[in-house]
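Being a predicted model, the structure only gives us computed values, none of them experimental. Quick note on labels: first sequence line is chain A, next is B, and so on, each numbered from 1. Only this structure's heavy atoms are used, side chains among them; waters, hydrogens and symmetry mates stay out.
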Number of protein chains: 2
Amino acid sequence: MARDLDIRVAIIEDDETIREGYAYLIGNTPGYKVTGAYPSYEDAAKKIAHDDPDVLLLDVELPGISGIEALPKLKKLLPETYILILTVYEQEELIFRALGGGASGYLTKNTPHEKIISAIHEVMEGGGPMSAHIARMVISSFKRNEETPLTKRETEILEHISTGKSRKRIAQELFIDLETVKSHIKNIYHKLNVHSKADAIKTAKDNKFI
Amino acid sequence: MARDLDIRVAIIEDDETIREGYAYLIGNTPGYKVTGAYPSYEDAAKKIAHDDPDVLLLDVELPGISGIEALPKLKKLLPETYILILTVYEQEELIFRALGGGASGYLTKNTPHEKIISAIHEVMEGGGPMSAHIARMVISSFKRNEETPLTKRETEILEHISTGKSRKRIAQELFIDLETVKSHIKNIYHKLNVHSKADAIKTAKDNKFI
DNA sequence: TAAAGTTCCGACAGTTTGGGGGATATTGTA
DNA sequence: TACAATATCCCCCAAACTGTCGGAACTTTA
């Protein structure tokens with residue numbers, strides 16, 4: 001008994017118990033409707049575009065093509081659908097690959113049922129639902145290291161270098177002499193204990209100096 | 001009548017009505033305690049370290065030193081304190097500067113009172129509370145552009161270039177010939193319609209190809 | 001007032017860069 | 001299966017860039 005305004009939700013999750021659990025939960029929540037529930041990307045691929053879901057709950061560990069790998073393919077099949085990752089994994093690399101691949105949210109599987117419903121609602125309203133710990137990791141990824149040995153000017157110049165600009169061009173953009181830029185770079189290399197552009201950039205990024 | 005286990009909250013907010021409103025809200029919530037409420041960074045600087053707050057609610061638009069500029073200074077005064085930004089502004093640049101400066105959360109001022117309380121609780125529990133729209137912007141900043149004209153290999157090589165590595169080094173790391181790297185770069189430049197490393201990196205980053 | 005930071009100077013060998021012209025496999029897919 | 005796209009490799013060249021050496025003067029800040 002579908003209503004026109006129901007939020008249409010699809011699920012890709014290999015564990016049958018979990019999948020049916022979610023389907024039951026969502027199907028029995030007023031205003032939400034399950035349009036399809038699949039155990040793998042391969043199974044979903046054929047029919048999911050026809051389901052026309054508003055939101056897709058996607059597991060990352062799937063048999064065959066993993067959820068992460070399936071993400072860009074699903075995005076192409078469903079350009080208008082919000083994809084929420086639902087997983088037990090909290091590894092940084094996985095999270096950032098998922099967000100880079102077009103996920104609009106990232107929930108861990110210990111998320112209480114009512115939170116899953118509210119996350120679906122939230123993503124429809126322009127939000128970006130994340131589990132608390134995930135959100136912390138995402139925020140931390142932006143945090144600069146205040147303990148930098150580099151001065152403001154040195155940091156600024158290293159930032160320019162990391163964009164691939166030549167020293168000459170940096171000098172022009174900062175309205176200083178080429179020699180000054182060279183001098184700063186000399187000091188940067190000493191402080192970071194490196195002997196090349198690439199190593200300086202790597203050290204600085206690893207330590208969040210830039 | 002402070003209890004030992006109360007969460008200690010400080011506030012820096014120039015608007016008196018809002019400041020007192022928050023102070024009243026938090027002070028009257030069991031388990032929370034206001035240790036100080038200041039209209040500016042300058043006012044707070046003298047006393048806030050002595051307050052020893054667990055969480056600091058910080059406005060970004062302050063008279064004198066702005067909240068954003070005050071962030072690193074406050075971090076030094078209060079290394080253990082979680083800082084939550086509370087502001088009407090939702091500009092990308094401001095958000096990322098705040099998170100880069102060490103903020104642990106970012107709330108807009110239309111946040112309902114109970115959400116402010118739960119955000120304070122959440123940050124104490126290892127979370128990263130954000131308003132829905134902020135979270136969406138943060139997530140979007142990671143999203144890659146699937147419409148890239150570059151092939152996988154070209155993208156990979158451009159990524160290496162953006163770390164400052166020389167072509168020779170890239171060739172070594174990818175176990176291919178220097179000439180192959182040059183060939184890929186030639187194609188990348190053609191596709192992106194640029195004539196230098198710096199321009200290629202800029203175009204690719206602007207368009208989220210890398 | 002010291003110390004730290006920013007600015008500028010010159011010379012050198014070696015490396016990198018961007019552009020030109022190709023060729024040959026391997027892939028994916030229509 | 002055949003075509004287009006991709007990935008690999010080859011040669012040549014001039015110009016520009018890089019990293020290091022060893023300075024010096026001026027300004028800001030603690």
Check your understanding: Lys165(A) or Lys191(B): which one's nearest nucleotide on DNA chain D is closer to the 5' end?
Key -> Lys191(B)
Revision key, fill the gap. Side-chain atoms of Lys182(B) come closest, of dA11(C), dC13(D), dG10(C), to dC13(D)
Point to revise | Donor-acceptor pair, side chain of Asp59(A) and main chain of Leu62(A), under 3.5 angstrom | key: no
Check your understanding: Are any of Ser183(A)'s side-chain N or O atoms less than 4.0 Å away from OP1 or OP2 of dT7(C)?
Key -> no
Check your understanding: Would you say a side-chain N or O of Lys197(A) is under 4.0 Å from OP1 or OP2 of dT18(D)?
Key -> yes
Exercise for review: For a side-chain contact (heavy atoms from CB on, under 4.5 Å) with Glu13(A), tell me which candidate from Glu61(A), Glu20(A), Lys109(A) qualifies.
Suggested key: Lys109(A)
Exercise for review: Using the salt bridge (Lys or Arg N to Asp or Glu O under 4.0 Å) rule, take Glu173(B) and Lys165(B) through it: C-alpha gap first, then chi angles, then the decisive distance, then the call.
Suggested key: CA-CA 10 Å; Glu173(B) 291 184 13; Lys165(B) 286 171 195 156; 3.0 Å; yes
Review point. Touch check for Lys168(A), heavy atoms < 4.0 angstrom, all strands: base, sugar-phosphate only, or nothing?
Key: sugar-phosphate
**Study point:** Ser162(B) side-chain N/O to Ile201(B) backbone N/O, donor-acceptor pair under 3.5 Å
**Key:** no
Exercise for review: Identify which one of Thr148(B), Thr203(B), Thr151(B) satisfies the side-chain contact (heavy atoms from CB on, under 4.5 Å) criterion when paired with Lys191(B).
Suggested key: Thr151(B)
**Study point:** Gly164(A) vs Asn187(B), nearer the 5' end of DNA chain D by closest nucleotide
**Key:** Asn187(B)
**Study point:** Sidechain-backbone polar pair: Arg136(B) side chain, Gly127(A) backbone, donor-acceptor under 3.5 Å
**Key:** yes
Practice item. Give a yes or no on whether a donor-acceptor pair under 3.5 Å exists between the nucleobase atoms of dC8(C), that is its base, and the side chain of Thr180(A). Key: no
Review point. Taking the side chain of His184(B) as its heavy atoms from C-beta onward, which of dC8(C), dA7(D), dT6(C) lies nearest to it?
Key: dA7(D)
Exercise for review: Figure out the CG/P separation between Leu192(B) and dG19(C), and round it to whole Å.
Suggested key: 12 Å
Check your understanding: Is DNA chain D part of any stem, that is, at least 3 consecutive Watson-Crick or G-U pairs with both distances under 3.5 Å, and where?
Key -> C:1-30 with D:1-30
Check your understanding: Can you tell me how far P of dT6(D) sits from CD of Glu156(B), to the nearest Å?
Key -> 15 Å
Review point. Under 4.0 Å: is that the gap between some side-chain N or O of Thr151(A) and OP1 or OP2 of dT6(C)?
Key: yes
Check your understanding: Picking from dC8(C), dG21(C), dC9(D), which would you name as closest to the side chain of Lys186(B)?
Key -> dG21(C)
**Study point:** Gap between atoms CG and P, on Asp177(B) and dC9(D) respectively (whole Å)
**Key:** 5 Å
Practice item. Taking only Lys NZ, Arg NE, NH1 and NH2, and the carboxylate oxygens of Asp or Glu, determine whether Glu146(A) and Lys76(B) approach each other closer than 4.0 Å. Key: no
Point to revise | Below 4.0 Å: OP1/OP2 of dA5(D) and any side-chain N or O of Arg153(B) | key: no
Check your understanding: dT16(C) P sits how many Å from Leu178(B) CG, rounded?
Key -> 8 Å
Exercise for review: May I have the distance from His195(A) (atom NE2) to dT15(C) (atom C1'), rounded to whole angstrom?
Suggested key: 17 Å
Check your understanding: Does Tyr189(B) place a side-chain N or O at less than 4.0 Å from the phosphate oxygens OP1/OP2 of dG18(C)?
Key -> yes
Review point. Which nucleotide, dC17(D), dC9(D), dC8(C), lies nearest any side-chain atom of Ser166(A)?
Key: dC17(D)
Check your understanding: In whole angstrom, what separates Ile170(A)'s CD1 from dA16(D)'s P?
Key -> 17 Å
Point to revise | Residue Lys152(B), side-chain atoms from C-beta onward, closest of dG5(C), dA7(D), dT7(C) | key: dA7(D)
Practice item. Would you indicate, yes or no, if dG18(C) has its OP1 or OP2 atom less than 4.0 angstrom from a side-chain nitrogen or oxygen of Arg167(B)? Key: yes
Review point. Could Asp51(B) and Lys47(B) be called an ion pair, given the rule that one side-chain N must be under 4.0 Å from one carboxylate O?
Key: no
Point to revise | Nearest-angstrom distance from the residue atom NE2 of His190(B) to P of dT6(D) | key: 15 Å
Exercise for review: Check the distance between dT8(D)'s C1' and Ile157(B)'s CD1 and give it to me in whole angstrom.
Suggested key: 10 Å
